[in-house]
S.K.: 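I'd like to ask you about the structure that follows.
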Amino acid sequence: MKKLTGFGIGFAVFIFFLNLIGCYDFVMVMTRNQTYFAEHCTSAIKAYFTNYPIFFVIVWFGSLSGGVLCPIFYLFRRKSALILADLAFWGDAMLVLLTSLFRNRIQVFGWQFTFDLAILGLLGLYCLYLLKGESKSEKRN
(Lines give C-alpha, C1' and ligand atoms only; values in the text may rest on other atoms or scores of the structure.)
Protein backbone atom coordinates (compact mmCIF):
# COMPACT_ATOMS: atom_id res chain seq x y z
CA MET A 1 0.00 0.00 0.00
CA LYS A 2 1.34 3.40 -0.91
CA LYS A 3 2.06 6.31 1.36
CA LEU A 4 -1.01 8.21 2.52
CA THR A 5 -1.56 11.54 0.80
CA GLY A 6 -3.84 14.44 1.60
CA PHE A 7 -5.91 13.69 -1.49
CA GLY A 8 -6.15 10.00 -0.57
CA ILE A 9 -7.23 10.75 2.98
CA GLY A 10 -9.79 13.28 1.77
CA PHE A 11 -11.14 10.87 -0.84
CA ALA A 12 -11.34 8.09 1.77
CA VAL A 13 -13.23 10.31 4.22
CA PHE A 14 -15.62 11.42 1.45
CA ILE A 15 -16.31 7.80 0.42
CA PHE A 16 -16.75 6.84 4.07
CA PHE A 17 -19.39 9.51 4.72
CA LEU A 18 -21.10 8.87 1.39
CA ASN A 19 -21.55 5.24 2.41
CA LEU A 20 -22.70 6.23 5.91
CA ILE A 21 -25.54 8.14 4.23
CA GLY A 22 -26.28 4.94 2.31
CA CYS A 23 -26.31 3.00 5.58
CA TYR A 24 -28.81 5.46 7.01
CA ASP A 25 -31.02 4.98 3.93
CA PHE A 26 -30.66 1.22 4.26
CA VAL A 27 -31.73 1.18 7.91
CA MET A 28 -34.65 3.55 7.31
CA VAL A 29 -35.90 1.52 4.33
CA MET A 30 -35.45 -1.88 5.95
CA THR A 31 -37.23 -0.76 9.13
CA ARG A 32 -39.95 0.83 6.98
CA ASN A 33 -39.69 4.13 8.83
CA GLN A 34 -42.86 5.98 7.87
CA THR A 35 -41.47 9.43 8.70
CA TYR A 36 -38.47 8.82 6.46
CA PHE A 37 -40.67 7.62 3.60
CA ALA A 38 -42.98 10.61 3.99
CA GLU A 39 -40.11 13.11 3.91
CA HIS A 40 -37.83 11.55 1.28
CA CYS A 41 -39.81 9.20 -0.93
CA THR A 42 -42.71 9.18 -3.31
CA SER A 43 -45.43 6.56 -3.05
CA ALA A 44 -43.83 4.76 -6.01
CA ILE A 45 -40.50 4.51 -4.17
CA LYS A 46 -42.26 3.27 -1.02
CA ALA A 47 -44.02 0.60 -3.09
CA TYR A 48 -40.68 -0.26 -4.75
CA PHE A 49 -39.17 -1.19 -1.39
CA THR A 50 -42.24 -3.12 -0.23
CA ASN A 51 -41.37 -6.83 -0.39
CA TYR A 52 -37.84 -6.00 -1.55
CA PRO A 53 -36.18 -9.33 -2.53
CA ILE A 54 -33.72 -10.70 0.02
CA PHE A 55 -31.05 -11.13 -2.67
CA PHE A 56 -31.09 -7.37 -3.32
CA VAL A 57 -30.99 -6.66 0.41
CA ILE A 58 -27.88 -8.84 0.76
CA VAL A 59 -26.15 -7.21 -2.23
CA TRP A 60 -27.05 -3.73 -0.95
CA PHE A 61 -25.75 -4.58 2.54
CA GLY A 62 -22.53 -6.05 1.12
CA SER A 63 -21.92 -3.02 -1.04
CA LEU A 64 -22.46 -0.63 1.87
CA SER A 65 -20.28 -2.73 4.18
CA GLY A 66 -17.43 -2.66 1.68
CA GLY A 67 -17.94 1.06 1.14
CA VAL A 68 -17.74 1.86 4.85
CA LEU A 69 -14.84 -0.46 5.63
CA CYS A 70 -12.56 0.22 2.65
CA PRO A 71 -11.67 3.82 3.68
CA ILE A 72 -10.93 2.64 7.21
CA PHE A 73 -8.66 -0.11 5.89
CA TYR A 74 -7.03 2.41 3.53
CA LEU A 75 -6.22 4.74 6.44
CA PHE A 76 -4.58 1.81 8.24
CA ARG A 77 -2.73 1.01 4.99
CA ARG A 78 -4.14 -2.50 4.62
CA LYS A 79 -4.03 -4.17 1.22
CA SER A 80 -7.53 -5.52 1.78
CA ALA A 81 -8.84 -1.97 1.26
CA LEU A 82 -8.79 -2.65 -2.48
CA ILE A 83 -10.81 -5.86 -2.06
CA LEU A 84 -13.40 -3.99 0.03
CA ALA A 85 -13.54 -1.16 -2.52
CA ASP A 86 -14.11 -3.74 -5.25
CA LEU A 87 -16.91 -5.27 -3.16
CA ALA A 88 -18.52 -1.83 -2.80
CA PHE A 89 -18.19 -1.00 -6.50
CA TRP A 90 -19.20 -4.34 -7.99
CA GLY A 91 -21.98 -4.82 -5.45
CA ASP A 92 -23.40 -1.41 -6.28
CA ALA A 93 -22.97 -2.01 -10.02
CA MET A 94 -24.80 -5.33 -9.76
CA LEU A 95 -27.55 -3.78 -7.64
CA VAL A 96 -28.07 -0.88 -10.07
CA LEU A 97 -28.04 -3.18 -13.11
CA LEU A 98 -30.31 -5.91 -11.72
CA THR A 99 -32.80 -3.57 -10.10
CA SER A 100 -32.95 -1.52 -13.31
CA LEU A 101 -33.66 -4.64 -15.33
CA PHE A 102 -36.03 -6.44 -12.96
CA ARG A 103 -37.49 -3.80 -10.61
CA ASN A 104 -37.89 -0.78 -12.96
CA ARG A 105 -35.49 1.29 -10.86
CA ILE A 106 -35.01 3.99 -13.50
CA GLN A 107 -38.75 4.56 -13.95
CA VAL A 108 -39.46 4.54 -10.20
CA PHE A 109 -36.63 6.86 -9.14
CA GLY A 110 -36.66 9.12 -12.21
CA TRP A 111 -34.05 11.87 -12.10
CA GLN A 112 -32.81 10.62 -8.70
CA PHE A 113 -31.31 7.68 -10.59
CA THR A 114 -28.49 10.04 -11.62
CA PHE A 115 -27.36 10.01 -7.97
CA ASP A 116 -27.06 6.21 -8.15
CA LEU A 117 -24.86 6.55 -11.22
CA ALA A 118 -22.76 9.31 -9.62
CA ILE A 119 -22.16 7.19 -6.52
CA LEU A 120 -21.27 4.22 -8.70
CA GLY A 121 -18.82 6.40 -10.62
CA LEU A 122 -17.21 7.68 -7.41
CA LEU A 123 -16.84 4.13 -6.09
CA GLY A 124 -15.24 3.16 -9.39
CA LEU A 125 -12.81 6.08 -9.19
CA TYR A 126 -11.94 5.12 -5.63
CA CYS A 127 -11.20 1.55 -6.77
CA LEU A 128 -8.97 2.87 -9.52
CA TYR A 129 -7.20 5.17 -7.09
CA LEU A 130 -6.49 2.26 -4.73
CA LEU A 131 -5.46 0.02 -7.62
CA LYS A 132 -3.04 2.66 -8.90
CA GLY A 133 -1.54 2.98 -5.42
CA GLU A 134 -1.19 -0.78 -5.11
CA SER A 135 0.57 -1.09 -8.46
CA LYS A 136 2.98 1.72 -7.54
CA SER A 137 3.90 0.04 -4.27
CA GLU A 138 4.50 -3.28 -6.07
CA LYS A 139 6.89 -1.57 -8.51
CA ARG A 140 8.90 -0.21 -5.59
CA ASN A 141 9.32 -3.65 -4.02
Side-chain angles (χ1 to χ4, degrees), residues 1-140:
M1 182 62 62
K2 72 177 182 177
K3 185 176 126 182
L4 297 178
T5 63
F7 175 78
I9 293 169
F11 201 6
V13 168
F14 178 69
I15 292 294
F16 178 76
F17 283 111
L18 190 65
N19 279 282
L20 280 184
I21 294 168
C23 289
Y24 175 75
D25 287 338
F26 179 83
V27 169
M28 292 295 113
V29 167
M30 291 300 114
T31 60
R32 298 191 188 349
N33 186 297
Q34 296 304 315
T35 306
Y36 178 80
F37 279 121
E39 291 176 2
H40 296 95
C41 303
T42 64
S43 59
I45 293 174
K46 184 177 178 182
Y48 172 87
F49 285 115
T50 303
N51 300 321
Y52 202 60
I54 190 71
F55 175 75
F56 293 147
V57 172
I58 292 168
V59 172
W60 190 10
F61 181 79
S63 176
L64 288 172
S65 298
V68 167
L69 292 174
C70 71
I72 295 169
F73 279 55
Y74 168 76
L75 293 175
F76 286 104
R77 301 182 66 199
R78 302 282 183 216
K79 288 187 177 190
S80 52
L82 179 59
I83 294 168
L84 291 166
D86 282 340
L87 173 68
F89 172 74
W90 290 110
D92 195 39
M94 189 166 64
L95 188 67
V96 167
L97 177 67
L98 292 176
T99 55
S100 295
L101 291 173
F102 300 111
R103 300 273 302 171
N104 297 322
R105 183 183 191 113
I106 298 169
Q107 293 82 9
V108 171
F109 285 88
W111 65 271
Q112 293 174 334
F113 183 72
T114 57
F115 288 118
D116 295 335
L117 297 178
I119 291 167
L120 182 61
L122 287 168
L123 288 171
L125 288 174
Y126 191 63
C127 283
L128 291 174
Y129 176 77
L130 292 178
L131 185 62
K132 181 181 173 192
E134 187 131 325
S135 65
K136 279 185 179 179
S137 68
E138 287 176 3
K139 287 180 185 177
R140 277 188 244 137

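Remember, predicted model here, so these are calculated numbers, not experimental data.
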S.K.: Look at the rings of Phe11 and Phe7 and say which category their plane angle falls in: under 30° parallel, 30 to 60° tilted, over 60° perpendicular.
M.R.: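 The rings of Phe11 and Phe7 sit tilted, inter-plane angle from 30° to 60°.
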S.K.: Does Gly8 offer a backbone N or O that forms a donor-acceptor pair with the side chain of Thr5 under 3.5 Å?
M.R.: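 Side chain of Thr5 to backbone of Gly8: a pair is present.
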S.K.: Go through the steps for Tyr24 and Tyr36 under the test ring-ring contact (aromatic ring centres under 6.0 Å, His included), then give the verdict.
M.R.: CA-CA 10 Å; Tyr24 175 75; Tyr36 178 80; 5.7 Å; yes
S.K.: Identify the two heavy atoms, one from Asn33 and one from Thr35, that lie closest to each other, and give their separation to 0.1 Å.
M.R.: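 It is OD1-N, 3.1 Å.
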S.K.: Do you know the tightest heavy-atom contact between Gly62 and Leu87?
M.R.: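 Looking at all heavy atoms of both residues, the shortest contact is O-CD2, 3.4 Å.
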S.K.: Is a side-chain N or O of Ser63 found less than 3.5 angstrom from the main chain of Val59, in a donor-acceptor match?
M.R.: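 No, the answer is negative, given that no donor and acceptor are paired below the 3.5 Å cut-off.
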S.K.: To check you understand the geometry: which heavy-atom pair defines the closest contact between Ala88 and Gly66, and what is its length?
M.R.: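 The pair with the smallest heavy-atom distance is CB-C, 3.8 Å.
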S.K.: Looking at CG of Asp92 and CG of Leu97, how far apart are the two atoms once the value is rounded to the nearest 0.5 Å?
M.R.: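 Between atom CG of Asp92 and atom CG of Leu97 there are 11.0 Å.
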S.K.: Asn104 vs Tyr48, test: side chain to side chain donor-acceptor pair (under 3.5 Å). Steps then yes/no.
M.R.: CA-CA 9 Å; Asn104 297 322; Tyr48 172 87; over 6 Å; no
S.K.: Can you find a pair of side-chain heavy atoms, one from Ile83 and one from Asp86, that are under 4.5 Å apart?
M.R.: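 Side chain of Ile83 against side chain of Asp86, heavy atoms only: no contact under 4.5 Å found.
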S.K.: Starting at OG1 of Thr42, measure out to CZ of Phe37 and round the result to the nearest 0.5 Å.
M.R.: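 So the OG1 of Thr42 and the CZ of Phe37 are separated by 10.0 Å.
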S.K.: Answer with yes or no after comparing the ring centroid distance for Tyr126 and Phe14 against a 6.0 Å cut-off, counting only values under it.
M.R.: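 That pair fails the under 6.0 Å test.
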S.K.: Taking the side chain as C-beta and beyond, is there a heavy-atom pair between Phe16 and Leu75 under 4.5 Å?
M.R.: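 No - every pair of side-chain heavy atoms lies 4.5 Å or more apart.
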S.K.: Are the side chains of His40 and Asp25 in contact, using a 4.5 Å heavy-atom criterion?
M.R.: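 Sidechains of His40 and Asp25: no contact.
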S.K.: Where do Trp60 and Val29 land on the side-chain contact (heavy atoms from CB on, under 4.5 Å) test, with the steps shown first?
M.R.: CA-CA 12 Å; Trp60 190 10; Val29 167; 4.1 Å; yes
S.K.: Check Leu130 against Ala85 and note the closest heavy-atom contact, atom names and distance.
M.R.: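 Taking Leu130 first and Ala85 second, the nearest heavy atoms are CD1-CB, 3.7 Å.
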S.K.: Please name the pair of heavy atoms, one in Arg105 and one in Val96, separated by the smallest distance, quoted to 0.1 Å.
M.R.: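 Taking Arg105 first and Val96 second, the nearest heavy atoms are CD-O, 4.3 Å.
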S.K.: Could you give the distance from SG (Cys127) to CG (Leu122), rounded to the nearest 0.5 Å?
M.R.: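 It is 11.0 Å, given to the nearest 0.5 Å.
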S.K.: What distance separates Leu95 CG from Ile58 CD1, expressed to the nearest 0.5 Å?
M.R.: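 Spacing of CG (Leu95) from CD1 (Ile58) equals 12.0 Å.
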S.K.: With a 4.5 Å heavy-atom cut-off, do Val57 and Met30 have their side chains touching?
M.R.: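 Contact flag for Val57/Met30 side chains = yes.
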S.K.: Testing the basics here: between Phe49 and Arg32, what is the closest heavy-atom pair and its distance to 0.1 Å?
M.R.: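 Nearest heavy atoms, Phe49 then Arg32: O-NH1, 3.9 Å.
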S.K.: Does Arg78 count as lying over the ring of Phe76, i.e. NZ or CZ under 6.0 Å from the six-ring centre, within 45 degrees of the axis?
M.R.: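 No, cation not above the ring by the 6.0 Å, 45° rule.
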S.K.: Counting the benzene-type ring for Trp, do Phe56 and Phe102 have ring centres under 6.0 Å apart?
M.R.: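 When the ring centroids of Phe56 and Phe102 are compared, they turn out to be at least 6.0 Å apart.
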S.K.: Hey, could you give me the CG/NZ distance between Leu84 and Lys79, rounded to the nearest 0.5 Å?
M.R.: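 Between Leu84 CG and Lys79 NZ, I get 15.0 Å after rounding to 0.5 Å.
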S.K.: Report yes if some heavy atom in the side chain of Ile15 is under 4.5 Å from a heavy atom in the side chain of Tyr74; otherwise report no.
M.R.: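 The answer is no, as the side chains (C-beta and beyond) never meet within the 4.5 Å cut-off.
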S.K.: Does a side-chain heavy-atom distance below 4.5 Å link Leu123 with Asn19?
M.R.: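 Yes, close enough: below the 4.5 Å cut-off.
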S.K.: Got a second to check how far Leu64's CG is from Ile21's CD1, nearest 0.5 Å?
M.R.: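 The CG atom of Leu64 sits 11.5 Å away from the CD1 atom of Ile21.
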S.K.: Evaluate the criterion side-chain contact (heavy atoms from CB on, under 4.5 Å) for residue pair Phe89 and Leu128; output intermediate values, then yes/no.
M.R.: CA-CA 10 Å; Phe89 172 74; Leu128 291 174; over 6 Å; no
